[in-house]
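Reviewing the structure listed below.
Remember, it's 1-based here, ligands and their atoms both numbered in the order they're listed.
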Amino acid sequence: MTGARTAWEIHLRGVVQGVGYRPFVHRLAVRHGFDGMVRNEAGEVRIEIEGPRGSFEAFRRALVEEAPPLARIDALEAHEIVPGGRAGFRVEASDTTPGGRLPVSPDVATCAACERELRDPGDRRFRYPFITCTDCGPRYTVIESMPYDRERTSMRTFTQCAACLAEYGDPADRRYHSETNSCPACGPNVWFCSPAGERIDGDRAIAVAARALRRGKIVAIRGLGGFHLAVDAGDERAVARLRRRKARETKPLAVMAASRAEAREIGEVGEAEEALLGSAERPVVLLSRRPTARLAPSIAPGLDTVGVMTPYTPLHHVLLEAVGRPLVMTSGNLSDEPIAIGIEEARERLAGVADAFLLHDREIVSRYDDSVVRVVDGAPVFLRRSRGYAPLPLDLPVATPVPLLAVGPHLKNTFTLADGSAAFVSQHVGDLENLETLEHFEDALARYRALFRIEPEAVVRDLHPGYLSTRIAEETGLPSIAVQHHHAHVAAVAAEHGVAEPVVGIAYDGTGYGEDGYTWGAEVMVADLRGFRRIGHLRYAPLPGGDLAVRRPWRVALGYASVGDALGPHLRRALEGVEDEEVALAWTQVERGLHAPLASSMGRLFDAAAAVLGIRRVARYEAQAAMELEALAGDRPAEPLPFPVSDAADGSWILEPVPLLAALGERCAAGDPVADLAARFHESVARATVGLALAACETEACSTVVLGGGCFQNARLLSSVRRGIEAEGVRLLVPRDLGPGDGAISYGQAAVAAARLADEEV
Ligand code: ZN
Ligand code: ZN
Ligand code: FE
């Protein structure tokens, strides 16, 4: 039987385009003695093979088990067809008929083989800043439309030379059908624009840029998904100048180290951090900073962590090697604007910031910020999911009956396009507070619609009537579904774990618009994907100045002092250094209830604690006070302070923050070290949270707890709550694929809307 000739047709779905899958199939077919063809079709890869019957099973298994590192096989279907005298094996051109849908590969960091060639003086791509192969290089940032072929990417303006074409056409070559293939003779160019406006081309461009950086200059570098602003990370004056010019006062800056070894000199690198730093996704990884690290103090003032990444493009590799020291690499924008991608755009917007420019002429099709990850209890937690991850889809536990657009939150926006059970979460968009970010939103949405062929028939938005995102939703003219912010947080985490049943959800957050019109942000709920019931929350307190209070932790403390006398005697420390007039105004706002909305926000409670402990009264960026509180607490062991729970008239639980804040003030006045009190504050919140979660499991007959919301970016809080809940044998779900912050909201909105719509159908 082994000798009998049979033929099969195989369909594969998943991430199978732009990842070297067709060349892989070719090699595999040849190895197993099959003739036939492989082709990208709309929505899938189709294979026809003909050959020895006995080899088929092994071939089929290898299609999945030996797939290239970047491929992800979601489905494989095979059926026998009539043998038709096929001879030889061909990789056929893509079929461009519309209809199906393919996941688009994210950009992939330079692979080890390309890195070797990059450093090999004998290789024709020695130090070539655009070296790629089928296993690595730009994808999402160069793809204009699908299927993935060079003519539909921004590489199409570069015609391959004879040597490159030979590789492209050779099934035995690593660059067989590599759509981004190029070399110094035929590929994109790099050049340096000096402060005087002089243009320096080629190899010298890198050397001159490196020299400028070593001399403390700010260089704007055109990268993969946009511009970075770079300076020597050890040069305090240069870093301070960058901050001034960029109008970014103290928010931490990311650092690029030449290698993992260099990263280890900067921060503590455990197993999980090591893997992330070397991964194909190559995010910025938050590391505990070593006291010996030679970093400018103003890179991450007041924090014990620093965000580090390693080079993910060949341009980064050659530049970092030439500079010989770590660089600050922060997004090329002014505070709060989206990252610049075009050369002219960058010249205009970054003219007042950068001293010089390092440019290239491969167009960036999509804006693509760096992703940021931190490791908590050995597992990665996303602080921002963007480059390297988007636009890979996530599953929805309940498929949506109609295609959906979920427009996401107001700040740290992403959107989600969903169809059936596939949810395409966008890259990081930013704060929807200015025109530039709105344009970024619209560009990215247009690209997603085209790439994934989703025409939404319903739109999902936040409850808040005044957000720009709400207006975007209304302007689509589609039927709209509103989802409460914290329900979306909890739903997002449940959904990414595939859970549709009721759970106890804890959402700790900065702000979200509540169903009662007040500001929420410390919610205990029973929720499934369709709805939720709030069963506990932090006691409301006025936030004098509303949104202004986010940057004024002392105002939050003052708001709390107004709901309980106990804090009064200790308020002085929170108000130190604040103008009397400002304090008087805030009191007036509280007393008259003018511009002092009621809020139940865990993020604000962290701010208030930082103010009462005298750590920070005025914040330069959102959550600064909370982050410094966490940094001070470190991992020192601590006993909780009282954080009582009372019962409201409607039977819900109220967490009472005033006794906790008062205890902090008392201890602080008695001379307890602030760092100990910061740790005790964390443990108080954790213990109260665990208590509420377990009690809710009992009263609501739930066996699963879900944590969501930006406060769980706090590693100590997340870790302590996890320990407490898991110690009781209760199942705990924490953010895994999207992160605790607002980047997950659009996906949560989509999961909720899908479940509600599916319900209506029934
Ligand atoms: Zn490669
Ligand atoms: Zn070439
Ligand atoms: Fe949130």
Side-chain angles (χ1 to χ4, degrees), residues 18-20 23 68-70 105 107-119 123-125 128 130-139 150 155 158-169 173-176 178-189 280 282 311-314 317 383 408-414 431 462-464 467 469 483-493 505-514 519-523 550 599 601-604 622-623 707-713 735 738-749:
V19 293
L70 307 176
S105 170
D107 291 24
V108 179
T110 311
C111 73
C114 284
E115 241 190 89
R116 268 196 303 279
E117 290 170 355
L118 190 66
R119 294 178 206 296
D123 194 275
R124 69 190 189 92
R125 292 190 180 85
Y128 174 56
F130 304 97
I131 188 171
T132 64
C133 71
T134 46
D135 291 336
C136 74
R139 297 290 188 274
R150 192 182 184 101
M155 281 302 290
F158 305 98
T159 308
Q160 293 186 77
C161 67
C164 284
L165 259 182
E167 294 166 336
Y168 186 88
D173 197 281
R174 201 172 89 247
R175 297 192 168 86
Y176 181 51
S178 167
E179 307 299 348
T180 52
N181 195 30
S182 70
C183 76
C186 66
N189 303 291
R282 224 46 81 91
Y312 54 85
T313 71
H317 278 292
L383 307 185
H410 180 56
L411 299 176
K412 302 190 179 79
N413 179 277
T414 66
D431 298 347
D462 191 77
L463 269 187
H464 197 298
Y467 282 168
S469 57
V483 178
Q484 200 277 325
H485 185 91
H486 302 99
H487 182 214
H489 267 306
V490 169
V493 180
I506 311 275
Y508 285 172
D509 206 11
T511 44
Y513 189 78
T519 299
W520 288 12
E523 313 313 314
V550 173
S601 159
M602 188 55 76
R604 296 296 85 80
E622 203 210 335
L707 306 181
C711 293
F712 289 109
Q713 295 179 346
L738 291 176
D742 283 2
I745 287 291
S746 65
Y747 170 71
Q749 291 174 340

How open is the angle at the Zn ion (ligand 2) from atom SG of Cys186 over to atom SG of Cys183, rounded to 10 degrees?
110°
Exam field: side chain [X] to backbone [Y], donor-acceptor pair closer than 3.5 Å:
| X | Y | result |
| --- | --- | --- |
| Ser601 | Gly510 | yes |
| Arg124 | Pro184 | no |
| Gln749 | Gly408 | yes |

Looking at Asp509, pick out the N, O or S atom nearest to the Fe ion (ligand 3) and give its name.
OD2
Of all N, O or S atoms in Asp742, the one closest to the Fe ion (ligand 3) is OD1
Short N/O/S contact of His486 with the Fe ion (ligand 3) (below 2.8 Å)
no
In degrees, rounded to 10 degrees, what angle do Cys133 atom SG and Cys111 atom SG make at the Zn ion (ligand 1)?
100°
Under 3.5 Å side-chain donor-acceptor pair for Thr511 and Thr519:
no
Polar side chain donor-acceptor pair, Ser182 to Tyr128, under 3.5 angstrom
yes
